[in-house]
Amino acid sequence: MKRFLITVCCCLLSAPVLFAAKATSPNGKLSLTVVDGQYIVSYQGQQVLSLSAKDMSGGEASDFKLPRLARKLSTSYSMLQGKRLQCSNEANEYICQSRNGKDAQLVLRMYNDGLAFRYEYKNLKGQKPFEEHTVYRIPEGTKRWMQQWTDAYESFFPLETTYQVKPIPSFSGVSKSDEGWNNRWGYPALLEPVDGVFALITEANIERRQSASCLFNNKEDYRVVPDKNELSLSGDWHSPWRVVIIGSLANVVESTLVTDVSEPSKLNDVNWIHPGVVSWIYWAYNHGSNDYNIIKEYVDMAVTLHLPYMLIDAEWDTMKDGYTIEDAVNYAKSKGIKPLIWYNSSVGWVDGAPTPKYRLNKAEDREKEFAWCEKIGVAGVKIDFFSGDNQMNMDYCIDLLESAAKHHLLVNFHGATIPRGWQRTYPNLLSTEAVYGAEWYNNVGTFTKKAAAHNATLPFTRNVIGPMDYTPCAFSDSQHPHITSNAHELALTVLFESALQHLADKPGSYYAQPDEVQEFFGKLPTVWDETRFVAGYPAEYVVLARRSGNTWYVAGINGTDELKQIALPLDGIVKWQSFTTAFLDGEQSTGWSIRNGGSLPESVTCQPRGGFVFVIGE
């Protein structure tokens, strides 16, 4: 299947110059009012957020001038992955000129599903990046689902109503306030400032010469703090976009605002980019891939389940019993399976970490390695263990993406920062970890009891902003047991969007499942023509409907420890009244209730930590 990532249209409509203390979205539902230097954001007349954005180019904080309507944007573009393949959006763009002069301004875009703004500077001469003064005010009592910052973005999003949260001491980058509370937070941050109205804070469009940022708070004030950037900047420069998605849960879950504000694809040819499902070794063994015979088992699993890809994980450079990585690659190719292989980025965890190391850091080494991958038939690379959000890491990631694209290699970043729109700009980036995923069944026992609620939170938080390599669908146990049902695990493959969807479990576990389950994997899409939010609430439950061609997949999970009746309000989403196949909870968590055809029910009874999938099509 060929899909072209192109800009369909970008129509900039002229508008009269208009200075005002108020900015609005095209549909009028979202507004921003300037009051005493504060930006007050309202949704359908209800205040949902207060923020400040000040110019620091003069050496101290200074308010920008009132917004001037500069243009109206109407854009559409195509994607190779994500919630939908055809994206369109409208925005009113405003310019807030600096009071310090014409060389600094704030560009503000009001979209129907949120807002985005960035700082722009001209005529810089050896300037260090200016200190940023963006502050979001999150009052005490506001419901929020926020993740304590760590360089790999691997933690829970627990519901809190206060900034007074104890820090997790084991985290890299842990930071505490004077009172002892955690005060460093990663994106995205989900808020419910008004009942039924949500705001998700993140950032987008990281480019060269930029670092990513996080939030540091002083009580109710959460400030955007970019990571280390030691460059001296000359000429023109701008910050990444600060993004807030606003509206109902449906608005948040279905939003493409992160890619809307990101640069279009830099690749001229994308015909070689093919998303798909992957068999993955690591989870069952908690070890890399230096055993040729085990690699063969996972290649054979990909053949049996009709999966296009198989990942050869770490330590392939130390293959045992006289075999080499080329032997493993050739075996996969002989079976019609496209192999992916793992690399250590060698900028994060290096000492004591698995190999291969130091093969990608220098441009000439990276070019040699990726050319070799292309020559022997490797389809893509998983690159692991980065060291945070600083400018060096951001430029390195871009170097990797551009070099990999030259050699027709797909990319999956692990132990890395969250996606911030690169999936549009560099469409060979098909997934990113940056999630507390199934791998953690190998590491700690705490994941067992919290996984169901966590899984029911991720579609409202982490997965909103881009592909998420959670590595779902484990029917058996690894180092620590799971207590989610089989149907819950199967539902994750639909609920969690990732253009490379790695299946975590061992071959024998999948072979032990009913024929309908095995056939499900061979037909499972990893990109979607359309995604619709059906029902749910963070940590409690979630139901999504995703369409691929003429087939809908409706999946839901129960995040609680109680039996739950979940309604399926599918009118206006799915036109058919019957399903092709239904995968439902059995009486036991390891059992199934599978139905081949029938009428769509108005609700589903889920076991504690249970789930379901309906496949609906012509």
Side-chain angles (χ1 to χ4, degrees), residues 1-13 26 70-93 107-120 202-210 212 235-243 245 254-275 394-395 397-411 413 417-432 464-467 497-499 527-531:
M1 178 179 62
K2 295 183 179 179
R3 297 187 185 274
F4 296 91
L5 188 72
I6 59 174
T7 299
V8 178
C9 70
C10 182
C11 190
L12 306 180
L13 307 178
R71 57 179 181 169
K72 296 183 178 181
L73 289 84
S74 179
T75 65
S76 60
Y77 60 94
S78 298
M79 292 285 292
L80 289 181
Q81 61 173 291
K83 304 168 189 177
R84 62 181 61 89
L85 298 183
Q86 300 299 321
C87 303
S88 62
N89 64 87
E90 294 180 288
N92 293 333
E93 183 175 282
V107 178
L108 167 68
R109 291 182 182 175
M110 300 293 292
Y111 290 84
N112 290 334
D113 58 349
L115 60 91
F117 59 94
R118 73 181 186 187
Y119 302 85
E120 296 185 354
T202 188
E203 68 178 348
N205 199 43
I206 301 292
E207 300 176 272
R208 291 191 184 277
R209 305 194 301 162
Q210 296 175 347
D236 296 345
W237 184 86
H238 55 256
S239 71
W241 289 100
R242 310 306 176 205
V243 175
I245 301 169
E254 297 173 14
S255 175
T256 58
L257 193 50
V258 168
T259 51
D260 292 347
V261 300
S262 294
E263 290 295 305
S265 172
K266 294 183 180 294
L267 307 187
N268 294 321
D269 173 23
V270 297
N271 291 325
W272 54 274
I273 301 174
H274 303 288
M394 300 301 99
D395 276 14
C397 287
I398 293 172
D399 288 340
L400 291 166
L401 291 168
E402 292 182 347
S403 181
K406 285 198 310 183
H407 296 285
H408 302 99
L409 296 174
L410 310 176
V411 177
F413 283 145
T417 193
I418 56 169
R420 291 174 167 89
W422 282 338
Q423 62 269 34
R424 180 184 179 190
T425 311
Y426 302 99
N428 57 319
L429 177 63
L430 293 189
S431 198
T432 300
V464 170
I465 62 175
E497 179 255 307
S498 178
V527 298
W528 305 98
D529 291 288
E530 186 177 357
T531 295

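The figures here come from the full heavy-atom set of this structure, side chains too, leaving out hydrogens, waters and symmetry mates. Fair warning: this is a prediction, and the values are worked out from it, not measured in the lab.
The closest donor-acceptor contact from the side chain of Asn205 to the backbone of Glu263 lies under 3.5 Å. When atom types are taken as modelled, the side chain of Ser239 and the backbone of Tyr119 share a donor-acceptor pair closer than 3.5 angstrom. Put simply, the side chain of Gln81 gets close to the backbone of Leu429: a donor and an acceptor are under 3.5 Å apart. With hydrogens and angles ignored, the 3.5 Å screen pairs no side-chain donor or acceptor of Asp529 with any backbone N or O of Leu85. The backbone N or O of Leu401 lies less than 3.5 Å from a partner atom in the side chain of Asn428, making a donor-acceptor pair.
With values rounded to the nearest 0.5 angstrom, Thr202 atom OG1 is found 14.5 Å from Trp241 atom CH2. With rounding to the nearest 0.5 angstrom, the CG atom of Leu267 is 9.5 Å from the NE2 atom of His408. Within the model, atoms CE of Met394 and OG1 of Thr417 stand 5.0 Å from one another, a figure rounded to the nearest 0.5 Å. Atom CE of Met79 sits about 5.0 Å away from atom OG1 of Thr259, to the nearest 0.5 Å. Rounded to the nearest 0.5 angstrom, Glu203 CD and Ile465 CD1 are separated by 9.5 Å. Taken from CG in Leu80 to CD in Gln423, the straight-line distance is 11.5 Å, to the nearest 0.5 Å.
Judged purely by distance below 3.5 Å, without hydrogens or angles, the side chains of Tyr111 and Ser255 never pair a donor atom with an acceptor atom. At a cut-off of 3.5 Å, with distance as the only test, no side-chain donor of Ser262 or Thr425 sits close to an acceptor on the other residue.
Taking 4.5 Å as the limit, every side-chain heavy atom of Ser265 sits out of range of all side-chain heavy atoms of Arg424. No side-chain heavy atom of Val411 sits less than 4.5 Å from a side-chain heavy atom of Leu400. A 4.5 Å side-chain heavy-atom check between Tyr426 and Lys266 finds at least one atom pair inside the cut-off. Between His274 and Leu430 the shortest side-chain heavy-atom distance does not fall below 4.5 Å. Residues Tyr77 and Pro264 fail the side-chain proximity criterion, which asks for heavy atoms closer than 4.5 Å. The side-chain heavy atoms of Asn92 and Lys72, taken from C-beta on, include a pair separated by under 4.5 Å.
Smallest separation of non-hydrogen atoms from Pro419 and Gly466: CG-CA, 3.8 Å. Counting all heavy atoms, side chain and backbone alike, Gln210 lies closest to Pro240 at OE1-CG, 3.4 Å. Nearest heavy-atom pair across Ser498 and Ser431 is OG-OG, 2.7 Å.
More than 12 heavy-atom neighbours from other residues, nucleotides or ligands sit within 6.0 angstrom of CG on Asp269.
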Begin with the C-alpha distance, continue with both residues' side-chain angles, and end with the deciding distance and a verdict on salt bridge (charged side-chain N to carboxylate O under 4.0 Å, His left out) for Glu120 and Arg118.
-> CA-CA 7 Å; Glu120 296 185 354; Arg118 73 181 186 187; 2.9 Å; yes
Begin with the C-alpha distance, continue with both residues' side-chain angles, and end with the deciding distance and a verdict on salt bridge (charged side-chain N to carboxylate O under 4.0 Å, His left out) for Arg109 and Glu93.
-> CA-CA 4 Å; Arg109 291 182 182 175; Glu93 183 175 282; 2.7 Å; yes
